Structure formats: C-alpha cells, structure tokens
4 protein chains.
Amino acid sequence: MPDNREARAAARTDMIMRTTLALAQETGYAKLSIEAVAARAGVGKHTIYRRWPSKGLLFLDSLLSLNEPALDYPDTGDVMADLRRQIYAAVDLLTGPQWGPLYQALVGEAQHDPAVAAGLGERFIRPQTDKTVARLRAAQEQGQVAPGFDLDLAMSILSGPLYFRFLISQEPLTRDYVDRVLDALFAGMGPRGPADAPASA
Amino acid sequence: MPDNREARAAARTDMIMRTTLALAQETGYAKLSIEAVAARAGVGKHTIYRRWPSKGLLFLDSLLSLNEPALDYPDTGDVMADLRRQIYAAVDLLTGPQWGPLYQALVGEAQHDPAVAAGLGERFIRPQTDKTVARLRAAQEQGQVAPGFDLDLAMSILSGPLYFRFLISQEPLTRDYVDRVLDALFAGMGPRGPADAPASA
Amino acid sequence: MPDNREARAAARTDMIMRTTLALAQETGYAKLSIEAVAARAGVGKHTIYRRWPSKGLLFLDSLLSLNEPALDYPDTGDVMADLRRQIYAAVDLLTGPQWGPLYQALVGEAQHDPAVAAGLGERFIRPQTDKTVARLRAAQEQGQVAPGFDLDLAMSILSGPLYFRFLISQEPLTRDYVDRVLDALFAGMGPRGPADAPASA
Amino acid sequence: MPDNREARAAARTDMIMRTTLALAQETGYAKLSIEAVAARAGVGKHTIYRRWPSKGLLFLDSLLSLNEPALDYPDTGDVMADLRRQIYAAVDLLTGPQWGPLYQALVGEAQHDPAVAAGLGERFIRPQTDKTVARLRAAQEQGQVAPGFDLDLAMSILSGPLYFRFLISQEPLTRDYVDRVLDALFAGMGPRGPADAPASA
DNA sequence: ACCTAAGCGAGACGGTACGTCGGGTCTTCTT
DNA sequence: AAGAAGACCCGACGTACCGTCTCGCTTAGGT
C-alpha cells in the first residue's frame with residue numbers, strides 16, 4: 001500500500017486542524033498558540049510549520065476544513081424566497097456558537113494579515129458571492145430583477161448590512177433583519193417606493 | 001501653578017499616542033509593541049500601562065485622538081446630495097494612506113478584543129450612525145424618504161456595502177461605488193424600479 | 001514646645017524601623033522592599049530615603065535599635081564562668097527565632113555592602129569584642145590567662161567557632177558546644193595538654 | 001557523532017559560567033543580573049533559567065567550576081607543618097583579588113538563600129572539613145593530638161577565626177595570623193600553658 | 001534483507017515582548 | 001519645613017511563544 005505514509009500525514013494534518021479548532025474554542029483565537037496546538041496534538045512544532053507558514057493560515061485552513069454549510073443555492077424560481085432561504089442559512093451559521101466567534105476572529109485576523117485575507121477571499125468569500133451572483137443573474141433573466149442592475153452591487157448590498165451587524169455594530173443577526181434588508185433592497189427607499197416598504201422595527 | 005503636573009501628564013499622554021501612531025504607520029499594527037512605544041517615546045512602560053490596559057485600547061485612543069474627520073453633516077435640503085457628500089468624505093478618509101490601514105487594523109483588533117469593540121462602537125461608530133440617522137430623519141420628514149422606512153436599516157444599507165468592500169472583498173473604495181450604492185438604495189432592485197436604475201459597471 | 005516636631009520625627013523614625021523588622025520577619029530580608037515598608041508604615045518613600053541611604057543600612061539601624069541584649073559582662077572573679085555566662089547569652093540570642101535569622105541576614109548583607117559592614121563592625125561587633133577583651137585583660141592580670149597571650153586572638157578564637165557554626169556549617173548552636181570551645185581554648189589541643197581535655201562528642 | 005548536542009550544551013554552560021564570573025568581577029555580585037549574563041554570553045535568558053533556578057546557584061556553580069585550589073592535604077608526618085601549609089594555601093586564596101571578593105559574596109548570598117547555603121556546604125565546605133578532620137585523625141593516632149580531643153571541634157577552632165576575620169572583623173588575613181591561631185590552639189590559653197604561648201601582636 | 005531517505009516527536013536555542021516589581025528622584029499638596 | 005502621596009524613568013525580573021535548529025527513531029520503498 002503505497003499511500004500508507006500519505007494517509008498518516010493526512011491524519012496528522014487533520015488532527016492538527018481539529019486541535020486548533022478545539023483550542024480556539026476554549027481559549028479564543030487571540031490566545032491560541034502554535035506551541036499549544038503542537039503539545040495538545042502530540043505533534044512536533046516543525047510538523048505544523050512544515051504545513052502552514054503562520055497561525056493565521058493554520059486557523060483559516062482549520063476553520064474551512066469544516067466546510068460546514070455547503071451553502072448551496074436552490075433555484076425554485078422565486079428569487080426572493082431562494083435568497084431568503086440562503087441567507088437564513090448563512091445567518092444561522094454566524095449566529096451559532098460554533099462558527100460565529102471563530103469566523104469573527106478569522107475576519108479580524110484577515111485585517112492584519114494579507115495572506116489570510118487573500119485565502120479567505122479566494123476560498124470562502126469569492127465562491128459564496130459567485131453563487132449568489134449566479135442566482136441573481138438567473139432571476140434577472142427571468143425578469144425578477146431590474147434589467148441592467150449591477151449584480152455585484154446587489155451582492156454587496158445584500159451581504160454588507162449583515163457583515164456590518166456582525167463585525168461593526170455587534171447587534172444580533174436575526175431572520176427578521178434579513179427580511180427587512182431583502183425587502184428594502186427590492187423596494188428601494190425612495191419616496192416613490194411601493195406601499196409595502198418595510199416598516200420601522 | 002497648580003496644574004503644572006497635570007499639564008505634564010497630558011503632554012506625556014499625548015506623546016505616547018503620537019508615538020503609537022508613528023510606529024503603527026512604520027511597522028504596522030501587528031508588529032507594534034508597547035515596549036517599542038515606551039522606548040521611542042522616552043517613557044517607562046509603567047507609564048503606559050498606568051493609562052491603558054492593553055495595546056488595543058492604546059491604539060484606539062491614539063487613532064481617535066486624531067479625530068480627523070469631524071465628519072459633520074451638512075443639511076442643504078437635498079438628502080441624496082448631503083449623504084453623497086458625507087460618504088465621499090468617509091471614503092476619502094478610508095482610502096487615504098494615513099487613516100486607511102490603521103483604521104482597518106483597529107476594526108480587526110475589535111474582532112479579537114471586546115473592549116476595543118465596545119470603545120470603537122461607542123466613540124466612533126455610534127456617533128457617526130446617529131448623525132446619519134438624524135439626517136435621514138429630517139429627509140423623511142420632508143418626504144424625501146418613504147414614510148415608515150426603518151432608518152437604522154437605511155443606515156446599515158448605506159454603510160454595510162462600504163465596510164464590505166473595505167474589510168471583506170478588499171476591492172477599492174471609489175466615489176463611483178458610493179454613487180451606485182446610493183442610487184440602488186433609493187431606487188430599489190425590483191423590476192418595478194424606475195428606469196434610471198444604476199447600470200452594470 | 002519646640003521639640004514637638006522632633007518628637008514626631010523620632011516617632012516616625014521608630015515606626016519605620018519597627019515596620020522594617022516586622023516585614024523582615026514575615027517575608028525574610030531578601031524580599032524586603034523599601035516600597036513595602038513605606039506603604040505599611042503609612043509613610044512616604046522619601047521619608048525613608050531622607051533617613052537611610054539604602055535598604056541595608058535601614059535594616060542595620062532597625063535591628064540594632066532593639067539593642068536587645070545589652071550583653072554586659074559580669075566580673076565575678078572567675079573568667080571561665082563569666083565568659084561562659086556571657087557566651088551563653090549571645091548563643092541564646094542567635095538561637096532565638098527573633099534575632100537569629102535577622103542577624104544572619106544582616107551579616108549576609110554586610111558581605112555585599114561595605115557600608116553595612118562598617119556600620120555593623122563599629123556599632124555591634126567592635127563594642128562586643130572590646131568588652132570581651134577587657135574582661136580577658138582583667139583575667140590575665142589576675143593570672144587566669146597565660147601572661148603575654150594575645151587577647152585579640154583569644155577573642156577571635158572564642159567567637160570564630162560560633163560564627164562558623166552560625167554562618168558556615170549551619171549546625172545548631174548549643175551551650176554544650178560553647179563549653180567545649182571554652183575548654184579547648186584554655187587547655188589546648190596539644191598532646192601535653194591536661195587530662196581534662198574535652199572528650200569527643 | 002552522537003554527543004554533538006551534548007558537547008554544544010556543555011560549551012554553552014561553560015560560556016555562561018565564565019561570563020558570570022567575569023561580570024561578577026567587573027561589577028560585583030550585587031549588581032550582577034541574569035539579563036546581563038545572557039546578553040554578554042550571547043545566550044537567551046531561558047537557556048540560563050533552564051540550567052539554574054536562581055542567580056545565587058548560578059554564581060555558586062560558576063565559582064566552584066574553577067575548583068581553583070584543589071586544596072589537598074599533604075601528610076609529611078608533622079601535623080603542625082601540614083596544617084600550616086594547608087591553611088596558608090587557603091588564606092592565599094581568600095586573600096587573592098580573584099577569589100576573595102567573589103567567595104565573600106557567595107558566603108553572603110548563602111545567608112539569604114538556603115539553597116545556596118546547602119550547595120556551598122555540600123560541595124565546598126564539607127569536603128574541606130572532611131579532609132582536615134581526616135588529617136587530624138591521623139595526627140591523633142600518631143600521638144600529636146591529645147587523645148579523645150573532638151576533632152570536629154578542632155576543625156571549627158581552626159577555621160572559625162579565619163572566617164571571623166574574613167567575614168566579620170574584615171581585618172586582613174595574614175600568614176602570621178594563621179601561625180598564631182595554630183600555636184594557640186595547640187598550646188591553650190590557660191595559665192598552665194607552656195612558655196611558648198603566642199606573644200601579643 | 002539491507003539501506004537510504006523522509007517524516008516525525010521532542011525540545012533546546014536566540015530572540016522579542018510580555019506585564020510586574022522595585023529603586024531612587026521628583027513634584028505637588030497638606031499639615 | 002517636613003511629610004504623605006504617588007508619578008515617573010529605568011532596569012531587571014521570570015514567563016511565554018516565536019521560528020529555527022538538531023537529534024534519534026520509525027517506516028517504507030528501492031536495490
């Protein structure tokens with residue numbers, strides 16, 4: 001069996017990532033140290049450094065290795081419903097005690113470390129936005145979205161407020177909030193907007 | 001002169017904060033150390049620890065001590081114009097090489113340290129949002145915003161996409177982008193939106 | 001009352017010295033700090049530094065301020081008896097839990113700090129040796145000590161072994177040991193010595 | 001070569017001890033700091049703390065690593081001569097500018113730190129006294145020392161006065177002084193002592 | 001069936017910074 | 001005028017991790 005060795009290496013890699021997550025959950029990302037991961041995982045420090053160049057990237061990998069949600073988009077024909085369902089899922093994730101704080105820490109680390117920012121963008125943000133944009137495009141082709149509307153912009157307007165709550169104002173992310181963002185985005189804030197403009201909270 | 005002492009203390013405090021910013025600009029926040037600040041400022045470490053409990057809060061204070069922008073809202077009667085002008089100013093700030101990276105680091109640190117998050121919220125985010133909401137309220141009373149529209153939500157939808165670009169997608173913040181967000185927010189994305197919906201980039 | 005002030009100063013001085021001894025007894029001389037003395041005594045650090053230039057000298061003063069023993073020599077006509085009684089007293093002192101460890105620390109400090117060594121010599125060691133030599137001289141004049149015997153040397157030979165036990169070999173100081181030193185000193189170790197040479201322990 | 005590592009470790013240990021002695025000689029033991037030793041030796045502080053738990057024990061090891069004297073006892077058949085020769089050597093050592101002050105500091109430190117006291121006793125004092133007692137025992141068996149004379153006591157009476165001069169009265173240690181102590185010890189101070197009692201200085 | 005090469009645990013190592021302690025000096029206000 | 005209070009610069013403490021580096025052990029393929 002030629003890949004016996006590789007299998008062991010993969011098992012070790014996995015063990016390290018799981019330990020990283022466990023420690024991050026216990027003590028918080030800020031106090032996480034490679035030293036501690038190595039000790040807890042029963043692994044030499046070198047073995048970690050051989051795989052990851054920095055704590056940030058180790059953490060990125062560890063967190064993404066869960067690839068929890070497989071936030072895949074349904075296409076039922078109703079954009080609003082599909083988006084809502086999709087964003088609900090995302091919000092549930094960020095709200096949960098497992099992912100939430102860790103993902104917040106990851107985004108925080110990305111602000112300090114360009115490598116983390118790049119990895120996060122390519123491996124998590126970009127795929128998500130791509131999928132969303134694709135779903136929007138389908139909707140646009142079906143006339144559910146104004147023709148010519150910049151879909152990247154739409155994406156930003158959908159995600160931005162959520163991240164704003166998550167990272168900046170630290171208010172709780174609720175499904176109700178999602179609904180209101182969606183409604184507002186489709187209806188617009190202007191005075192000529194339809195009568196079903198979202199009501200004040 | 002009784003406040004000779006206090007004057008000296010204030011001068012030292014100031015010196016420390018200025019040194020902090022200088023070092024942060026030179027080496028980046030991540031590599032900033034209290035040790036280095038003390039050495040450069042010609043000050044004992046204790047003198048820093050007496051004033052700030054952590055590097056994060058020292059940095060927060062230092063950055064806010066610039067109170068650079070005094071991002072004050074004009075009220076010319078035209079909401080769109082006023083908001084646009086205001087957000088241009090904010091974007092110029094975040095885009096500039098002085099504030100930009102430091103503010104990014106500060107927001108990053110806030111993700112790791114609740115104390116920084118709280119300080120940042122109370123002393124910077126909250127005042128800004130309050131002013132924006134106030135301006136929106138005036139507009140609403142003048143009929144420029146749909147009656148009953150949740151203004152906090154409006155605020156989120158305005159700021160969110162900017163922060164999303166700034167922190168997450170790391171794309172450049174441009175005035176054009178601001179225009180498009182504003183337009184979209186007022187017009188809505190739905191198919192019944194007015195003909196002047198923003199065109200794709 | 002002109003010396004009201006001086007009385008207060010003296011009281012403060014006393015308070016400081018008593019606090020010094022108390023702290024030294026609680027934590028040991030090594031961990032004693034002027035900071036702690038000032039705090040406990042309710043006194044400014046300056047007030048201590050105004051009186052003593054160093055921790056060692058403060059401690060020296062504090063310890064000698066007890067001038068516990070007033071180790072005064074009796075003269076009953078019997079040198080051996082007088083010396084024995086006198087040395088018993090000294091041994092009791094060094095053995096006691098009050099003085100013993102503190103005096104040991106003081107002698108230790110004298111090895112590091114010449115000022116302490118000088119003060120200790122002039123104010124404690126010298127007076128003691130002078131008194132002992134005086135008593136020996138009287139004995140010599142009465143024919144109880146060999147004529148021409150160097151009395152300073154005799155003094156050294158009496159004290160030396162005690163200090164050796166106290167400082168170097170750290171064996172317990174007992175009255176029995178004193179007796180044996182005295183006997184040996186008077187009788188000599190040589191083979192022509194009298195039959196009552198001290199027996200092995 | 002398997003002990004490459006151990007050899008390097010030993011070399012480092014040696015380097016640290018030599019640096020310690022050099023610094024102690026330059027600045028005195030009191031001002032010696034582990035920080036300075038590490039810096040001068042080009043070594044991390046941890047590397048020192050890994051080897052020694054305290055400055056005192058580092059210094060003890062460093063000083064004993066010289067094991068300068070190899071104060072070995074000759075046995076020419078003449079006790080007095082052998083002792084004299086031996087003690088001369090010890091006195092020369094303590095008098096010398098190399099060992100003298102450092103050894104004094106070591107004994108001083110032993111008064112503050114029981115661990116140093118224990119180490120000093122076991123590794124330096126005890127071996128010396130053992131050798132002296134052994135030599136005295138041989139003399140006693142040959143009739144040069146009064147039968148039954150407590151040899152440990154004899155040892156104390158020989159060493160005590162020297163240490164007394166060295167540590168307490170701080171008078172110079174001379175060979176003449178050694179001679180007088182030896183004579184006195186053998187002859188005794190009593191009035192029946194032989195005519196050759198040591199004359200006053 | 002040996003042998004070489006790689007991966008690994010363990011952990012020593014030179015560094016940097018941490019947050020704390022105390023030394024000795026200074027200034028201000030209080031008594 | 002002396003003192004309580006305590007800020008201040010400084011130097012050192014002992015600790016924690018960093019990222020690099022041997023070292024000896026295991027485990028396979030390759031010969």
Side-chain angles (χ1 to χ4, degrees), chain A residues 1-9 12-13 16 31-39 41-55, chain B residues 1-9 12-13 31-39 41-55, chain C residues 4-6 8-9 11-13 15-16 31-39 41-55, chain D residues 1-9 12-13 31-39 41-55:
Chain A
M1 210 176 299
D3 51 352
N4 196 354
R5 191 133 75 190
E6 285 174 25
R8 308 242 273 198
R12 242 182 302 254
T13 300
I16 293 168
K31 293 187 185 172
L32 186 66
S33 76
I34 291 189
E35 196 110 15
V37 173
V43 141
K45 288 204 288 177
H46 222 48
T47 303
I48 297 182
Y49 282 111
R50 197 178 295 125
R51 287 164 165 77
W52 296 277
S54 71
K55 170 177 137 178
Chain B
M1 213 172 301
D3 53 350
N4 198 354
R5 182 133 79 186
E6 285 175 26
R8 309 236 273 206
R12 243 181 302 252
T13 300
K31 293 187 185 171
L32 184 66
S33 78
I34 290 189
E35 194 111 14
V37 173
V43 141
K45 285 202 284 178
H46 226 41
T47 303
I48 297 181
Y49 282 112
R50 199 178 292 124
R51 288 165 164 75
W52 295 278
S54 71
K55 173 176 135 178
Chain C
N4 196 354
R5 191 134 74 193
E6 286 176 25
R8 310 240 274 196
R12 240 183 303 255
T13 300
M15 182 55 162
I16 293 168
K31 293 187 184 172
L32 185 66
S33 76
I34 290 190
E35 197 111 13
V37 172
V43 139
K45 287 206 288 178
H46 220 49
T47 304
I48 296 181
Y49 281 111
R50 197 176 295 122
R51 288 165 164 76
W52 296 276
S54 73
K55 172 175 135 177
Chain D
M1 212 173 300
D3 52 351
N4 199 354
R5 184 135 77 185
E6 286 175 24
R8 309 236 275 206
R12 242 180 303 250
T13 300
K31 294 187 184 171
L32 185 66
S33 78
I34 290 188
E35 195 111 14
V37 173
V43 141
K45 285 203 283 178
H46 223 42
T47 303
I48 297 182
Y49 283 111
R50 199 178 294 124
R51 287 164 165 77
W52 296 276
S54 71
K55 173 177 134 178

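Keep in mind that what you see is a predicted model, and the values were worked out from it rather than measured. The chains referred to below are lettered A, B, ... by the order of the sequence lines, with proteins before strands, and numbering in each begins at 1.
For the pair B:Ala9 and C:Ala38, nearest-nucleotide mapping onto DNA chain F gives the more 5' position to C:Ala38.
Separating the CE atom of C:Met15 from the P atom of F:dA4 is a distance of 10 Å, rounded to the nearest angstrom. Between A:Arg8 atom CZ and F:dT26 atom C1' the separation is 8 Å, expressed in whole Å. Atom C1' of nucleotide F:dG24 and atom CD of D:Glu6 are separated by 12 Å, given to the nearest angstrom. In this structure, CD1 of A:Ile48 is placed 12 Å from C1' of F:dG19, rounded to the nearest angstrom. A:Arg50 places its CZ atom 17 Å from the P atom of F:dC18, with the value rounded to the nearest Å.
Within the structure, every side-chain polar atom (N or O) of C:Thr47 is placed at least 4.0 Å from both OP1 and OP2 of F:dG3. OP1 and OP2 of E:dG7 both lie 4.0 Å or more from every side-chain N or O belonging to A:Arg12. At F:dC8, one or more side-chain N or O atoms of B:Arg51 fall inside 4.0 Å of OP1 or OP2 (strictly under the cut-off).
Listed by chain and residue number, B:Ala9, B:Arg12, B:Thr13, B:Ile16, B:Thr47 satisfy the side chain to side chain contact (heavy atoms under 4.5 Å, CB included) test with B:Arg51 (two or more places apart in sequence, or in another chain).
Side-chain atoms of A:Lys45 never come within 3.5 Å of backbone atoms of A:Ala38 as a donor-acceptor pair (strictly under, hydrogens ignored).
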At under 4.0 Å between heavy atoms, how does the protein contact nucleotides 10-17 of chain F? Give one character per nucleotide, 5' to 3', with B, S or -. --BBBB-B
